[in-house]
2 protein chains.
Amino acid sequence: MDSLKQCITKETQIDTSSIEVILSSFYTRDLKKGDFFLRAGKLCTQMAFIDTGYLRMFDIVDGKEVTFWIGSSGKFITSLSSFVFQTTNFWNIQAITDCKLHIIDRESHFTLCKQQPKWLEFDNHLLAHSFALLEQKILSQLHTSSQQRFDALFKADPQLFNHVPLQYIASMLGITPETLSRLRKKNAN
Amino acid sequence: MDSLKQCITKETQIDTSSIEVILSSFYTRDLKKGDFFLRAGKLCTQMAFIDTGYLRMFDIVDGKEVTFWIGSSGKFITSLSSFVFQTTNFWNIQAITDCKLHIIDRESHFTLCKQQPKWLEFDNHLLAHSFALLEQKILSQLHTSSQQRFDALFKADPQLFNHVPLQYIASMLGITPETLSRLRKKNAN
DNA sequence: AGAACCACTTGACATAAATCAAGAAAATGT
DNA sequence: ACATTTTCTTGATTTATGTCAAGTGGTTCT
């Protein structure tokens with residue numbers, strides 16, 4: 001759980017005993033490529049920290065899969081509104097590669113929130129950050145070209161393109177696989 | 001505050017004294033067309049229920065205004081992550097028409113959350129709903145055409161087009177004013 | 001009321017991106 | 001290791017949308 005520990009301690013000053021309590025609320029689970037972490041229509045009762053691997057969050061619209069987000073190591077992944085508010089979740093979350101996850105259950109999470117102020121603080125940070133990310137994503141969809149979105153993503157996480165089927169990346173950028181292929185070619189020259 | 005009362009009671013069963021306490025935490029404020037409810041760079045310490053009028057939430061990118069959302073009567077408007085987590089807000093919120101708002105301050109809000117379980121419940125609903133809205137908006141930007149987004153908006157709120165400058169609506173849909181003009185023409189025939 | 005401004009529309013044209021179709025490359029299963 | 005399937009690339013073409021420019025109608029201000 002070293003990576004998770006780092007992720008938390010990077011964000012907030014925290015004493016050894018507290019971090020240990022927090023870490024002990026997580027358990028580790030391995031997913032094989034293709035396994036589902038969550039399916040549409042279910043309640044989401046778990047939040048996962050991605051130790052290694054990639055997962056994608058997608059919806060099926062008019063029979064087509066639309067990838068909303070791809071999570072990679074060092075990030076948390078969950079269907080946030082369902083996890084927090086127990087509304088019906090409509091996302092699918094699936095492992096794109098073999099994954100190692102550190103998972104916390106909903107009840108453990110809320111217990112921790114009450115008992116460990118530092119976890120509450122960290123969780124608040126996570127929530128605010130997630131919300132800001134969504135807003136940023138919308139903003140970029142509203143006024144940037146495919147080219148610009150590709151460039152930004154490539155700069156932010158070049159490794160992604162080596163580990164994840166490009167069709168998912170294309171979908172996440174709101175473009176077709178063909179267009180992504182051409183942008184990549186341009187980028188290489 | 002009748003409209004606000006209705007908005008809350010529509011969502012949850014609540015006794016008379018509780019709703020009165022909640023309503024008394026709000027105060028009313030009028031905005032003139034063009035007035036700002038919030039400016040980028042500030043902390044957001046207020047959440048507003050729109051009794052009458054329209055407001056827009058926008059950011060300035062590369063010198064251009066990008067409208068993120070337009071709020072109309074019966075909705076709440078605030079820079080949510082800033083209001084909840086006191087992170088720096090980067091949205092501008094401006095009255096598009098004269099507006100009547102019912103406002104609650106951040107401290108009052110958190111006091112209410114502790115003292116009135118029904119308000120906490122209602123707030124949870126608001127948060128979950130907001131989050132789901134953002135997700136939906138991203139999804140629609142990722143896989144629908146201008147035409148489809150226009151149709152959906154026109155169906156959801158035809159009145160909007162009579163009260164709000166079309167350039168803001170265009171921006172919110174991620175298209176140019178010219179394209180919106182042509183879609184409207186098509187729609188009329 | 002008139003001047004100035006602003007918002008919207010329209011047309012001509014340019015461009016980005018989607019679609020369709022074929023083939024190459026890579027990954028997977030046996 | 002081979003056959004099969006999936007994923008990616010490439011080219012030709014079409015389509016949707018953006019850009020530029022001009023003109024119209026409406027609103028606001030003094």
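Heavy atoms only: backbone and side chains are in, while hydrogens, waters and symmetry mates are out. Below, chains carry the letters A, B, ... as their sequence lines are ordered, and counting in each starts from 1.
No side-chain donor-acceptor contact under 3.5 Å links B:His125 to the backbone of B:Glu121.
Contact annotation for A:Gly34: no contact, since no heavy-atom pair falls under 4.0 Å across all strands. Residue A:Leu180 is out of contact with every strand shown, counting any heavy-atom pair closer than 4.0 Å.
For residues 149-168 of chain A, proximity to DNA chain C is found at no residue, defined as any non-hydrogen atom under 4.0 angstrom from a strand atom. The stretch residues 141-148 of chain A touches DNA chain C through A:Ser145, A:Ser146, each having a heavy atom under 4.0 angstrom from the strand.
Contact check, A:Arg184 against D:dC8: no side-chain N or O comes under 4.0 Å of OP1 or OP2. Within the 4.0 Å cut-off from OP1 or OP2 of D:dG18, at least one side-chain nitrogen or oxygen of B:Thr179 is found. Contact annotation: A:Lys185 does not reach the phosphate of D:dT9 (side-chain N/O to OP1 or OP2, under 4.0 Å).
Applying the side-chain hydrogen bond (donor to acceptor under 3.5 Å, both in side chains) test to B:Asp62 and every residue at least two apart in sequence or in another chain returns nothing.
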Under 3.5 Å between N/O atoms: give me all the protein pairs with nucleotides 28-30 of chain C, atom names plus distance.
residue	atom	partner	partner atom	Å
C:dT28	OP1	A:Lys33	NZ	2.4

Enumerate the protein-to-nucleotides 20-22 of chain C contacts in which both atoms are nitrogen or oxygen and the separation is below 3.5 Å.
residue	atom	partner	partner atom	Å
C:dC20	N4	A:Glu178	OE2	3.3

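When A:Ile14, A:Val21, A:Ile19 are each tested for a side chain to side chain contact (heavy atoms under 4.5 Å, CB included) with A:Gln116, only one passes: A:Val21.
Using cut-offs of 30° and 60° for the angle between ring planes, the A:Phe110 and A:Phe83 rings count as parallel.
When the C1' atoms of four end pairs are superposed on the next four at each end of the helix from C:dA1-D:dT30 to C:dT30-D:dA1, using five pairs per end, the two resulting axes differ in direction by 60°, to 10°.
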